[in-house]
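Worksheet: the structure to be examined is printed underneath.
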Amino acid sequence: MKFRPLGDRVVVRRIKEDQKTAGGIIIPDTVAEKPQEGEIISVGPGAIDEKTGKRTPLEVKAGDYVLFGKWSGTEVKLDGEELLIMKESDVMGVLEGKKAKK
């Protein structure tokens, strides 16, 4: 299934963090905090300016790695994958030079 966000919304896939502390203690899923980093999967066309009626393009693009707030976005499940849908304003910034973890 393809999903295309509207307006200034973006679809983000959370990046899973290591489940171990620096000292080697394994953190169980039940107490681990959800990561606040993610990869932009899809972006909307941009918000429409109320005064001019022109569309303002988004600053982020698909493939960007971003940092977002702990309570940002709405969690959805598409094709069995947990994703977040949020407004671009919920994104705090782009992580430059971040590579995909495989």
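Heads up: numbering here begins at 1 and tracks the sequence.
Between E96 and V94 there is a side-chain heavy-atom pair separated by less than 4.5 Å. Residues I40 and K61 fail the side-chain proximity criterion, which asks for heavy atoms closer than 4.5 Å. The shortest distance between side-chain heavy atoms of R14 and F68 falls below 4.5 Å. Counting heavy atoms from C-beta on, the side chains of M86 and V10 come closer than 4.5 Å.
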Test L67 against V91 for side-chain contact (heavy atoms from CB on, under 4.5 Å), laying out the working first. CA-CA 6 Å; L67 196 64; V91 174; over 6 Å; no
Assess whether side-chain contact (heavy atoms from CB on, under 4.5 Å) is satisfied between V76 and F3, documenting all intermediate values. CA-CA 11 Å; V76 296; F3 180 81; over 6 Å; no
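By the 4.0 Å N-to-carboxylate-O rule, D49 lies too far from K54 to be salt-bridged with it. Using a cutoff of 4.0 Å between basic side-chain nitrogens and carboxylate oxygens, K87 and D90 are not scored as salt-bridged. Using a cutoff of 4.0 Å between basic side-chain nitrogens and carboxylate oxygens, E37 and R13 are not scored as salt-bridged.
Smallest separation of non-hydrogen atoms from G80 and K77: O-CE, 3.7 Å. Here the closest non-hydrogen pair linking E88 and E59 is OE2-N, 2.6 Å.
Both L84 and V43 belong to a common hydrophobic cluster when Ile, Leu, Val, Met, Phe, Trp and Tyr are linked at side-chain heavy-atom distances under 4.5 angstrom.
A donor-acceptor pair is defined here as one N or O able to donate and one able to accept, closer than 3.5 Å; no such pair exists between the side chain of E39 and the backbone of V12.
In this structure, CG in L83 is found 10.0 Å from OG in S42, a value given to the nearest 0.5 Å. Interatomic distance, T74 OG1 to R9 CZ, rounded to the nearest 0.5 Å: 8.5 Å. Taking CD1 of I41 as the start and CD of E81 as the end, the distance is 6.5 Å to the nearest 0.5 Å.
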